[in-house]
Amino acid sequence: MARPPKWRKVEFIPNIQHFVPLDIEKNAMEENILRIEEVEAIRLKDVEKLEQEECAEKMEVSRQTFQRILNNAREIIADSIINGKAIRIKGGNFTRNICSVQCLDCGKEWKESYENFEKVINGEYMCPDCQSKKIVCLNTNGHKFCKRNCWRRGRMR
Ligand SMILES: [Zn+2]
């Protein structure tokens with residue numbers, strides 16, 4: 001049984017994605033990867049100064065998961081500064097919104113990223129269990145964004 005990834009909701013995707021120390025030869029330079037959700041954790045906690053609980057809610061993860069993401073982010077940034085390494089921001093299981101979706105053929109329910117769910121339109125999106133393409137948004141998480149933009153039952157062919 002295929003398990004869908006655990007999505008982390010982010011509001012911010014940085015335009016500047018590469019930070020490089022100047023005082024080091026390019027071929028001697030090491031590079032750390034900072035994932036998009038780690039940048040979001042730093043932004044919410046250390047820039048927006050939100051409480052941990054609020055941060056976790058915004059990213060739709062547990063407090064423990066949020067703390068883990070934040071700790072990773074701080075370690076990477078600290079290592080880069082202390083050891084003179086570049087930082088490249090890329091990748092991760094991030095999404096602009098998380099949709100609760102259901103397969104109409106096998107009944108499986110799961111959380112999917114809004115971006116993946118958009119692929120329904122091109123027929124590129126399938127149930128991870130039965131490969132059916134009859135997927136609907138359950139609209140159970142109450143987000144306006146989801147209701148406005150998701151592929152809905154009424155638009156199914
Ligand atoms: Zn299915």
Side-chain angles (χ1 to χ4, degrees), residues 1-19 31-77 79-80 86-157:
M1 207 191 261
R3 275 183 58 195
K6 291 196 169 81
W7 296 106
R8 288 82 166 85
K9 184 175 169 183
V10 304
E11 292 171 3
F12 176 73
I13 294 176
N15 283 323
I16 296 167
Q17 301 184 329
H18 202 194
F19 295 83
E31 183 177 271
N32 280 325
I33 304 291
L34 200 57
R35 291 174 302 168
I36 302 285
E37 63 260 37
E38 289 166 339
V39 174
E40 180 74 344
I42 288 283
R43 187 184 72 86
L44 294 173
K45 190 77 188 75
D46 296 338
V47 178
E48 299 292 326
K49 313 260 189 235
L50 301 180
E51 296 298 327
Q52 188 181 316
E53 183 134 19
E54 253 182 295
C55 298
E57 273 173 27
K58 274 187 174 286
M59 291 183 71
E60 297 194 21
V61 297
S62 69
R63 285 175 65 171
Q64 292 91 323
T65 299
F66 178 80
Q67 191 61 54
R68 203 179 62 240
I69 296 169
L70 181 66
N71 287 347
N72 275 343
R74 286 174 173 168
E75 277 175 31
I76 289 162
I77 292 166
D79 179 56
S80 294
I87 297 175
R88 190 178 292 276
I89 297 171
K90 68 171 187 186
N93 293 327
F94 66 94
T95 174
R96 290 291 194 165
N97 205 16
I98 298 169
C99 302
S100 294
V101 298
Q102 185 177 31
C103 171
L104 290 180
D105 280 333
C106 75
K108 181 184 174 68
E109 290 182 23
W110 71 101
K111 304 272 191 194
E112 190 50 87
S113 75
Y114 166 67
E115 293 83 355
N116 271 354
F117 198 48
E118 263 192 330
K119 293 179 187 164
V120 166
I121 293 159
N122 302 323
E124 293 165 3
Y125 184 77
M126 293 182 295
C127 170
D129 280 1
C130 75
Q131 274 74 51
S132 166
K133 289 180 179 175
K134 289 181 186 166
I135 315 288
V136 291
C137 179
L138 291 174
N139 275 341
T140 52
N141 54 4
H143 295 293
K144 283 180 191 162
F145 185 74
C146 189
K147 286 189 177 176
R148 273 205 313 270
N149 293 288
C150 279
W151 191 254
R152 276 168 291 185
R153 206 176 281 262
R155 294 174 65 189
M156 291 293 301
R157 274 177 286 215

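Every heavy atom of this structure was used, including side-chain atoms; hydrogens, water molecules and symmetry mates were not. From a predicted model like this one, the values you see are computed outputs, not experimental measurements. In listed order, ligands and their atoms are each counted from 1.
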Exercise. Which protein N, O or S atoms sit under 2.8 Å from the Zn ion (ligand 1)?
Worked result: Cys103 SG, Cys106 SG, Cys127 SG, Cys130 SG
For this session: Evaluate whether atom CD of Glu51 has more than 12 neighbouring non-hydrogen atoms of other residues, nucleotides or ligands under 6.0 angstrom away.
Result: no
Exercise. Passes side-chain hydrogen bond (donor to acceptor under 3.5 Å, both in side chains), Asn71 versus Gln67? Steps please.
Worked result: CA-CA 6 Å; Asn71 287 347; Gln67 191 61 54; 3.0 Å; yes
Problem set entry | Salt-bridge present (Glu115, Arg96; N to O < 4.0 Å) | no
Exercise. With Glu11, which residues qualify under salt bridge (Lys or Arg N to Asp or Glu O under 4.0 Å), at least two apart?
Worked result: Arg43, Lys58
Exercise. With sequence neighbours left out, what residues match Arg68 under side-chain contact (heavy atoms from CB on, under 4.5 Å)?
Worked result: Arg8, Thr65
Problem set entry | Those residues that, when tested against Tyr125, pass ring-ring contact (aromatic ring centres under 6.0 Å, His included) (two or more places apart) | Phe117
